[in-house]
Amino acid sequence: MKTACKRPVALFDSGMGGLTVFKAVAACLPGEDLIYLGDTARLPYGTKGRDTIVRYTLKAAQKLLEYDVKMLVTACNTATAAALPTLCEHFVGLPVLGVVEPGALAAAKASRNGRIVVIATEATIAGGAYQQAIARLRPEAYVLGRACTLFVPLAEEGWIGGALVEGIAHRYLDDIFSPPVTAPRPDTLLLGCTHFPPLLPALKNVVGAHVHIVDSAATTAEHIRAELAARALLRGEGAIGRHRFLTTDNPVRFVRTGSLFLGRTLKSAEVELVDL
Ligand code: DGL
């Protein structure tokens, strides 16, 4: 067994969206070994019921524990919203972090007028986790949630811009950001799904340049660093972290599409097929 601080940090998502968080964590903590699991065989989680999401998430977490990890990060809003308390109960002693609290913090900080729109999967919006987390940070804030289900397959397909994508975004968001009457408009759009950041330029075109668009990647990375430091689990200076990627289906597709979320070309040798 490795000494505690040399063990890897595990990140998990239903698919490739969590790679947007992985990218931020790798930049923030270049010395850490990171292991990522995308449960592509069961994607999407966001249209499933809560019990199913909890069951899938527990299985994924169980798998990652086989790699002797020092921390588990649920880099999936849907899994965080549905299963974080259950994960914490199951894996006593293992630090388990999610992306909802960091995302809520980013939005609460970014908004000037306290009118925040959260876009996420159906399950995340229905569970109200973001609405509650922002209310704890800024009780006076007005938070509106909107499920944008189609953004997940669009991003997984690599369709992140152009007329079709913007047309779908207009359909989801125009009644909020371009209402016919003069009303106080939201000034912040929170991407409450780790699949959504690649769509950011298209979303900016749709909601307007004056709207702050925030996601949980950078704040989650900072949160991970702070938690590792607080638990004396940070790997020492000078180390170069190794990265490993696991997928539950079709590694070839993971390599192709994952590169878009990660912002660098993945090599086939880096991606391993696993079963849960
Ligand atoms: N990446 C997931 C999230 O952040 C959503 C994708 C899915 O529906 O499985 O919520």
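One is the number of the first residue; the rest follow in order along the sequence. In listed order, ligands and their atoms are each counted from 1.
Less than 4.0 angstrom separates some heavy atom of Tyr45 from each of these atoms of ligand 1: 7 (C), 8 (O), 9 (O). The Thr121 neighbourhood of ligand 1 comprises atoms 5 (C), 8 (O), 10 (O), with distances under 4.0 Å to a heavy atom of that residue.
Among the atoms of Asp13, some N or O lies under 3.5 angstrom from an N or O of ligand 1. For a threshold of 3.5 Å applied to N or O pairs, the pair formed by Thr47 and ligand 1 contains no separation below that value.
Heavy atoms from both the backbone and the side chain of Asn77 come within less than 4.0 Å of ligand 1. The parts of Cys76 lying near ligand 1 are both backbone and side chain, judged by heavy-atom distances below 4.0 Å. Counting heavy atoms under 4.0 Å from ligand 1, residue Val99 does not touch it at all.
At least one side-chain heavy atom of Ile168 sits less than 4.5 Å from a side-chain heavy atom of Leu154.
The protein heavy-atom contact nearest to atom 1 (N) of ligand 1 is His195 ND1, 2.7 Å. If you check which protein heavy atom lies closest to atom 8 (O) of ligand 1, you get Gly46 N, 2.8 Å. In this structure, atom 5 (C) of ligand 1 lies nearest to the protein heavy atom Cys193 SG, 3.4 Å. Nearest protein heavy-atom neighbour of atom 10 (O) of ligand 1: Thr78 OG1, 2.5 Å.
A salt bridge links Arg253 with Glu156; the closest basic N to acidic carboxylate O contact falls under 4.0 Å. Between Lys70 and Asp33 there is no salt bridge, since no side-chain nitrogen of the basic residue lies less than 4.0 Å from a carboxylate oxygen of the acidic one. For the pair Glu140 and Arg138, the salt-bridge criterion is met [side-chain N within less than 4.0 Å of a carboxylate O].
In this structure a side-chain-to-backbone donor-acceptor pair under 3.5 Å is missing from Glu32 to Leu234.
Counted by atom type alone, Tyr45 and Asp39 present one or more donor-acceptor pairs between their side chains at under 3.5 Å.
The ring of Phe22 has its center no closer than 6.0 angstrom to the ring center of Phe261.
Scanning both residues, Leu276 and Thr248, for their nearest heavy atoms gives CG-CG2, 3.6 Å.
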